[in-house]
Amino acid sequence: MTRTRFAPSPTGYLHIGGLRTALFSWLWAKKNSGEFLLRIEDTDLARNSEDAVTAILKAFDWVGMSYDGEAIFQSKRFDLYKKYIEQLLKEGKAYKCYMSKDELSKLREEQMAKGERTRYDGRYRDFTGTPPKGVEPVIRIKAPQEGRISFTDGVKGEFSVDASEVDDFVIARAGGVPTYNFVVAIDDALMGLTDVIRGDDHLYNTPKQIVVYNALGFKIPNFYHVAMINNEQGKKLSKRDGATDVMEYKTLGYLPEALLNFLVRLGWSHGDQEIFSVEEMIALFDPKNINKSSSNYNLDKLLWLNAHYIKNKPHNELAELLVDFGVDIRDSDKRDLILNATKERGKTLVELSEQINLILNAPTEYNPKNAKKAFKGDAIEILGEFLEMLKESNASTKEEYHAVIEAIVAKREIGFGKIGMPLRVSLLGSMTGSGLDEIMAILGTDETIKRVNKAIEFINS
RNA sequence: GGCCCCUUCGUCUAACGGUUAGGAUCCAUGGUUUUCAUCCAUGUUACAGGAGUUCGAAUCUCCUAGGGGUCACCA
């Protein structure tokens with residue numbers, strides 16, 4: 001069975017790049033009717049927080065991705081790791097290193113000065129003497145000293161590094177807390193993962209983890225290293241480049257399906273297809289189509305996708321989502337009228353709620369520029385006559401209101417704009433917006449008259 | 001700096017030795033619309049550079065340049 005995972009370290013919110021690799025892993029598991037597991041990498045004593053864990057879980061929940069089984073916390077598995085450390089020690093595959101931190105950094109400086117790669121020199125690898133006093137040892141694993149460490153990467157292809165690139169790295173700190181590369185390999189193996197999809201910043205961890213796999217006799221999974229997402233300038237994505245926290249997109253009025261659709265196309269493609277429902281993603285996703293090159297982050301397409309998903313969202317769901325943006329039309333009998341009149345004008349839920357409020361809230365003032373242009377000439381007479389005709393018409397539907405506008409246009413032999421402009425500014429305070437017939441159908445005749453009268457008063461004053 | 005990876009329109013990408021290098025987005029123009037938006041149509045813009053291999057190269061090889069990753073008792 002295909003098993004994938006997402007393994008964040010809880011040091012903050014869920015990053016947009018993290019969501020993409022999680023999405024890839026999740027899709028691949030779903031596609032193969034496998035399992036997608038979640039593991040929290042909290043071996044770092046100080047840096048991780050519970051808040052971060054809930055933040056990550058919340059983001060997962062928002063986008064609708066769920067994991068199988070219980071989330072695994074590495075902090076609760078120290079006994080397990082300890083067992084393997086002891087096993088390696090006993091088998092002579094790992095050893096205690098009594099080098100102090102000072103000595104280590106001195107060694108690094110020397111290597112740096114000589115222009116060499118900094119690496120541990122293995123001085124305690126075969127140490128049998130009396131250990132120095134006052135130094136609590138770290139445990140290092142014996143990495144191969146010659147040859148190459150190689151594996152097949154599902155994205156990059158054949159990948160190998162020279163054994164000299166991998167030193168005898170620390171698997172347990174002084175004090176016994178195990179380190180990242182050690183526990184990742186153990187957990188990935190024990191969780192029965194078949195495919196590890198992660199960012200390619202982990203590419204160089206893989207040979208180290210393979211050392212652990214081999215020392216412990218574990219089966220090595222398939223690795224896929226996905227290139228990073230950079231900012232528009234091709235540099236590392238940072239907070240200055242806009243939202244990097246997944247949940248920020250919720251506040252900005254993006255729909256999760258738009259975000260997922262956007263992210264799935266960043267570094268992956270299926271021919272010319274741009275729009276993917278989650279079901280389609282699952283059906284079509286294949287890591288073999290993951291791009292080798294990194295991609296730049298540009299929100300244009302996300303905005304376009306978001307507009308698309310807003311336009312196609314069922315009204316009851318849209319109304320539900322709008323509540324968070326200060327618009328509650330869930331129980332309104334005008335709900336469909338309102339949404340039909342506005343949903344093509346908002347690329348985000350924020351913009352959509354603004355459009356709706358524009359109609360629902362009577363203008364408190366008229367933009368001087370708009371008013372000057374729209375209320376000039378015989379606008380006041382036209383508005384007055386329009387009101388008379390409106391009262392007589394008993395109009396209540398969009399079509400009926402439209403007929404009233406057409407009637408006055410025909411009667412006075414004027415262009416549509418002659419009534420359209422002043423009427424729009426009267427109703428909205430704005431020169432642009434939804435169709436007048438739609439707006440009036442939403443407001444009703446009484447409210448329309450009220451707003452127009454207010455405008456007439458304004459013109460007179 | 002060492003090692004490694006990457007490089008097609010501004011951006012996301014297609015192409016798996018033979019195409020007028022395709023699609024999407026953005027932008028521009030036109031149409032639809034009382035306005036705006038939507039929608040539709042049209043258009044501008046790309047194989048990083050240089051050598052090879054081949055009848056033929058965006059696709060294969062090498063070099064150069066640019067970008068990125070990584071070199072912890074962090075994850």
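Remember, predicted model here, so these are calculated numbers, not experimental data.
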Rounded to whole Å, the OH-C1' distance (A:Y13 to B:rA75) equals 16 Å

For the residue pair A:R39 and A:F73, would you count it as a cation-pi contact if the rule is NZ or CZ under 6.0 angstrom from the ring centre and within 45 degrees of the ring axis? no

Q | Nearest-Å distance once atom C1' is located in both B:rC9 and B:rA46 | A | 4 Å

B:rC55 -> Watson-Crick or G-U wobble partner, both distances under 3.5 Å, gives B:rG18

Testing B:rA75, B:rU34, B:rG2 for proximity to the side chain of A:L436, the answer is B:rU34

Check your understanding: Ion pair present between A:E351 and A:R345, side-chain N to carboxylate O less than 4.0 angstrom?
Key -> no

Hits for salt bridge (charged side-chain N to carboxylate O under 4.0 Å, His left out) against A:E438, two or more places apart or cross-chain, chain-then-number order -> none

Hits for salt bridge (charged side-chain N to carboxylate O under 4.0 Å, His left out) against A:R451, two or more places apart or cross-chain, chain-then-number order -> A:E447

Check your understanding: On a whole-Å scale, what distance lies between the C1' atoms belonging to B:rU8 and B:rG2?
Key -> 31 Å

Nearest-nucleotide check on RNA chain B, A:M228 vs A:Q74; residue mapping nearer the 5' end is A:M228

Taking B:rC12 as the reference, what is the distance to B:rC4 when you measure between their C1' atoms (whole Å, please)?
26 Å

(Q) With a 4.0 Å cut-off on N to O distance, would you call A:D162 and A:R148 a salt bridge? (A) yes

*With a non-hydrogen cut-off below 4.0 angstrom, is A:T11 in contact with a base, only sugar-phosphate, or nothing?*
nothing

Across the strands shown, which category fits A:T432 at heavy-atom distances under 4.0 angstrom: base, sugar-phosphate, nothing?
base

Mate of B:rG43 across any strand shown (Watson-Crick or G-U wobble, both atom pairs under 3.5 Å) is B:rC27

Legend entry - Between B:rG50 and B:rU29 - P atom distance, rounded Å: 35 Å

Residue pairs meeting side-chain hydrogen bond (donor to acceptor under 3.5 Å, both in side chains), one or both in residues 408-424 of chain A, sequence neighbours left out, come to A:E385-A:K411, A:E385-A:R412

Exercise. Between the base of B:rC36 and the side chain of A:R345, is there any donor-acceptor pair under 3.5 Å?
Worked result: yes

Separation of B:rG22 atom C1' from A:Q273 atom CD, nearest Å, is 16 Å

Donor-acceptor side-chain pairing of A:D102 and A:S100 below 3.5 angstrom: no

Under a 3.5 Å limit on both distances, the Watson-Crick or wobble mate of B:rU7 is B:rA65

*asked:* Does A:G234 reach a base, just sugar-phosphate, or nothing at all? Heavy atoms under 4.0 Å.
replied: sugar-phosphate

Can A:E274 and A:K301 be counted as an ion pair, charged N to O under 4.0 angstrom?
-> yes

Using a 4.0 Å heavy-atom cut-off across all strands, classify A:K236 as base, sugar-phosphate, or nothing.
sugar-phosphate

Taking B:rA57 as the reference, what is the distance to B:rU20 when you measure between their P atoms (whole Å, please)? 14 Å

A:L237 CG to B:rG69 C1', in whole Å, measures 15 Å

Worksheet item: Does a side-chain N or O from A:R140 land closer than 4.0 Å to OP1 or OP2 of B:rC73, or not?
Response: yes

note: A:D168, atom CG; B:rA72, atom P; distance rounded to Å ~ 14 Å

Using the P atom as the point on both nucleotides, what is the distance between B:rU64 and B:rG1, in whole Å?
14 Å

- C1' atom, B:rU54 versus B:rC60: distance in rounded Å? 10 Å

From CD1 of A:I139 across to P of B:rC73 the rounded distance in Å is 14 Å

Does B:rU38 have its OP1 or OP2 closer than 4.0 Å to a side-chain nitrogen or oxygen of A:K347?
yes

Answer with base, sugar-phosphate or nothing: what part of the nucleic acid does A:A227 contact at a heavy-atom distance below 4.0 Å? nothing

A:A395 meets the side-chain contact (heavy atoms from CB on, under 4.5 Å) criterion, sequence neighbours left out, with A:S393, A:E400, A:Y401, A:V404

Rounded to whole Å, CG of A:D437 lies from C1' of B:rU35 at a distance of 12 Å

Going 5' to 3' through nucleotides 4-20 of chain B and flagging B where a protein heavy-atom sits under 4.0 Å of the base, S where only the sugar-phosphate is that close, and - otherwise, we get SSSS--BSBSS------

Between CE of A:M421 and C1' of B:rC36 the distance, given in whole Å, is 13 Å

If pairing means Watson-Crick or G-U wobble with both distances under 3.5 Å, then the partner of B:rC71 is B:rG1

Which whole number of Å gives the distance between the C1' atom of B:rG31 and that of B:rU38? 14 Å

Assign the ring pair A:F218 / A:Y84 to parallel, tilted or perpendicular, where the plane angle (0 to 90°) is split at 30° and 60°. perpendicular

query = Looking across every strand, which nucleic acid part, if any, lies under 4.0 Å from A:K101 by heavy atom: base, sugar-phosphate, or nothing?
reply = base

Please enumerate all protein N or O atoms sitting under 3.5 Å from an N or O of nucleotides 39-45 of chain B, with distances to 0.1 Å.
residue, atom, partner, partner atom, Å
B:rC39, OP1, A:K311, NZ, 2.7

From CZ of A:R424 across to P of B:rA37 the rounded distance in Å is 12 Å

Should A:Y67 and A:F6 be marked as a ring-ring contact (aromatic ring centres under 6.0 Å, His included) after you check the CA-CA gap, both sets of side-chain angles, and the distance that decides it?
CA-CA 9 Å; A:Y67 52 92; A:F6 181 58; over 10 Å; no

Q. A:R119 near the nucleic acid: base, sugar-phosphate alone, or nothing, with a heavy-atom cut-off under 4.0 Å?
A. nothing

Side chains of A:N222 and A:I197, heavy atoms from C-beta outward: is any pair under 4.5 Å?
no

